[in-house]
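All remarks here apply to the structure that follows.
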Amino acid sequence: MSDEQQSLRGAWLALTGLSAVFLVEMLDNSVLTVALPTIGRDLAASTAGLQWVTGAYSVVFGGLMLVFGAAADRFGRRRLMTVGLVLLGLASLATAAVSTAPELVAVRATMGAAAAMTAPGAGALAFRLFDDEGLRVRAITLISTVGLVGLAIGPTLGGLVLAVAPWQVLLLVNVPVAALAIVAVRRGVAADDPADLHRVPLDLPGAALGTATVVLALVAPTLFVESGARSPLPWVAAVAALLAAVGFVVRQRTAAHPLLDLGLVTRPLVSGGLAYKAAAGLATAGLGYLVTLQLQFAWGWPPAAAALGMLPQVAVLLATGPLVNPLVQRLGIHRAAGLGAGAIVVGLALYTALGTVTYVGVALALALVAAGLRVAGVVAMVNVLQGLPANRTTIGAALSDTATEITSGTGVALAGTVIAALFTGTITATAWSPAQSAEFHGAALLAGALLTVLAAAMTGWAMLRTRAAVSPEPAPVAA
């Protein structure tokens with residue numbers, strides 16, 4: 001047995017708890033993906049309401065991530081994680097009482113707030129368990145494997161459960177997982193050393209501006225679809241998002257103790273890693289949303305068959321786990337990240353070209369995006385955390401998760417907005433007319449193209465930034 005394996009085995013309880021935390025984060029939205037049509041019919045949800053069943057979680061999660069990441073660096077990572085896990089379990093239990101779409105959206109928003117308390121600490125504490133880069137890559141790979149298994153099996157599990165139980169059971173799964181995480185984290189992760197905490201005051205105005213920016217930016221597209229461009233409401237939301245973003249930047253540049261030191265974000269490793277995470281989040285959520293609607297609504301597959309249709313994603317996520325560390329060792333961490341992100345872009349392009357007309361295109365797209373996510377997700381997190389000071393690792397993990405959640409919400413919002421704008425009638429109707437099928441095909445084609453372009457732009461930016469991080473310094477001139 002190698003020293004590396006002994007080190008990982010010695011931290012098994014901590015890694016079990018942190019893996020369970022990440023599992024809840026990944027499983028929470030993915031398990032509902034295949035259930036969206038059933039939920040829409042059961043709760044009589046509109047297209048926009050169905051979109052916000054998943055979007056509310058992502059919006060609140062992304063909006064509060066920086067706040068709770070900064071709070072964890074100040075008040076204790078393990079302490080805040082425990083509070084979040086308790087809240088997550090209680091919110092999941094409340095699902096049993098849901099009877100309307102707004103109630104479900106409120107529960108999902110609460111679960112997003114709870115997840116924002118737990119997620120940053122998972123990556124930061126795993127990173128801080130070891131000093132060696134190889135151990136860090138393996139630890140984060142292990143944790144992400146558990147989470148990505150949840151992401152992968154979520155649609156399949158959801159479809160199989162729907163065949164024998166009501167959809168509410170899908171969210172009740174969070175309760176035992178959260179309980180396991182609480183026990184393992186409390187026993188396996190040491191309490192924070194007070195000397196290791198970031199002691200400057202929390203920037204509450206900056207926190208409010210940052211949260212408002214994220215929430216308004218993701219709410220505005222839905223308002224444009226619901227109210228139309230002639231209504232002042234969506235324009236007010238869009239302008240308010242822009243003003244909040246400007247106010248956040250100004251506040252962070254002028255505050256004595258900013259919530260987020262913008263100088264840290266501009267570091268090449270940090271900005272490059274965040275761009276990789278953003279591309280992965282956008283692609284995974286956007287493609288998953290499009291494929292789910294396509295299989296069940298456009299092609300008429302039942303939930304169980306649609307769940308089986310997502311198996312290429314499951315198989316690739318499971319099969320590529322053991323390959324991440326050897327690939328990083330062979331290519332280097334930066335080339336491996338670029339290769340993974342490139343696979344994501346190719347997968348989206350393949351769906352746009354073939355996925356709307358044949359399942360072969362869907363399967364290949366799911367496999368490529370899953371393979372790219374498997375590699376890029378791990379190495380991007382390591383890049384971000386390595387580029388930050390030791391006492392800011394939780395805010396770094398929060399930045400990474402915020403990038404993923406914001407772009408995941410953006411991916412769903414973009415796909416949902418395009419479909420809602422081009423599709424006439426009720427998308428949850430049991431039978432579509434030929435005209436509606438053609439409208440959905442055109443909307444999916446346009447949404448896939450937009451997702452491909454955005455992911456490619458993010459990947460290109462990430463490659464440029466990480467290349468700057470590894471560029472050799474110029475030789476000093478002799479006196």
Side-chain angles (χ1 to χ4, degrees), residues 17-36 38-40 42-43 45 49-69 71-72 80-122 146-147 150-151 154-155 157-158 161 166-182 185 211 214-215 218-219 222 281 284-285 288-289 398 401-402 404-406 408-409 412-413:
L18 298 176
S19 297
V21 171
F22 195 52
L23 174 64
V24 171
E25 179 187 341
M26 292 291 100
L27 186 65
D28 209 66
N29 254 350
S30 70
V31 78
L32 282 185
T33 301
V34 76
L36 288 178
T38 302
I39 293 172
D42 187 31
L43 300 181
L50 191 63
Q51 176 182 326
W52 279 108
V53 168
T54 56
Y57 178 89
S58 298
V59 167
V60 176
F61 189 9
L64 295 178
M65 193 86 67
L66 287 179
V67 179
F68 288 127
L80 190 64
M81 180 180 290
T82 302
V83 174
L85 287 169
V86 171
L87 179 59
L88 186 62
L90 293 175
S92 299
L93 284 173
T95 307
V98 165
S99 59
T100 66
E103 290 176 357
L104 180 58
V105 170
V107 168
R108 298 291 294 151
T110 304
M111 296 170 73
M117 298 180 187
T118 63
V146 176
L151 178 68
L157 176 64
V161 169
W167 60 265
Q168 288 88 342
V169 174
L170 299 177
L171 291 180
L172 293 175
V173 172
N174 286 336
V175 178
V177 179
L180 170 65
I182 291 172
V185 167
T211 301
V214 175
V215 172
L218 293 178
V219 167
T222 301
T284 305
Y289 187 79
D401 286 336
T402 298
T404 300
E405 286 303 318
I406 290 177
S408 294
V412 173

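Positions are given from 1 along the sequence. Computed from a prediction, not measured in an experiment: that's the story for all the values here.
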The test is side-chain contact (heavy atoms from CB on, under 4.5 Å); show your working for Leu171 and Met111 and say whether it passes. CA-CA 10 Å; Leu171 291 180; Met111 296 170 73; 4.1 Å; yes
Find the distance between OG1 (Thr95) and CG (Leu104) and round it off to the nearest 0.5 Å. 7.0 Å
Short question: side chain of Ser92, backbone of Leu172 - any donor-acceptor pair under 3.5 Å? no
Sub-4.5 Å side-chain heavy-atom contact between Ile182 and Leu85: yes
So, Thr284 side chain and Gly281 main chain: donor-acceptor pair closer than 3.5 Å or not? no
Please determine whether side-chain contact (heavy atoms from CB on, under 4.5 Å) holds for the pair Val83 and Phe68, giving the CA-CA distance in whole Å, both sets of side-chain angles, and the decisive distance to 0.1 Å. CA-CA 11 Å; Val83 174; Phe68 288 127; over 6 Å; no
Can you tell me how far CD1 of Ile39 sits from CD of Gln168, rounded to the nearest 0.5 angstrom? 8.0 Å
Just verifying a value: how many Å separate Thr110 OG1 and Tyr57 OH, rounded to the nearest 0.5 Å? 12.0 Å
Taking the side chain as C-beta and beyond, is there a heavy-atom pair between Val146 and Phe22 under 4.5 Å? no
Ignoring hydrogens, what is the shortest heavy-atom contact between Ala113 and Leu64? Give both atom names and the distance. CB-CD1, 3.7 Å
Apply side-chain contact (heavy atoms from CB on, under 4.5 Å) to Val107 and Val98, showing your working. CA-CA 8 Å; Val107 168; Val98 165; 3.9 Å; yes
Identify the two heavy atoms, one from Gly112 and one from Val60, that lie closest to each other, and give their separation to 0.1 Å. C-CG1, 4.0 Å
Taken to the nearest 0.5 Å, the spacing of Met65 CE from Thr118 OG1 works out to 8.0 Å
CG of Leu23 to CG of Leu180, rounded to nearest 0.5 Å, is 9.0 Å
Under 3.5 Å: donor-acceptor pair, side chain of Arg108, backbone of Ala56: no
Specify the closest pair of heavy atoms between Ala181 and Ala20, including all atoms of both residues, with the distance to one decimal. CB-CB, 3.6 Å
If you measure from OG1 on Thr82 to CE on Met117, what distance do you get to the nearest 0.5 Å? 11.5 Å
If I compare all heavy atoms of Leu43 with all of Ser99, which pair ends up nearest, and what's the gap? CD2-O, 3.5 Å
Answer whether the closest heavy-atom distance between the side chains of Met81 and Leu18 falls below 4.5 Å. yes
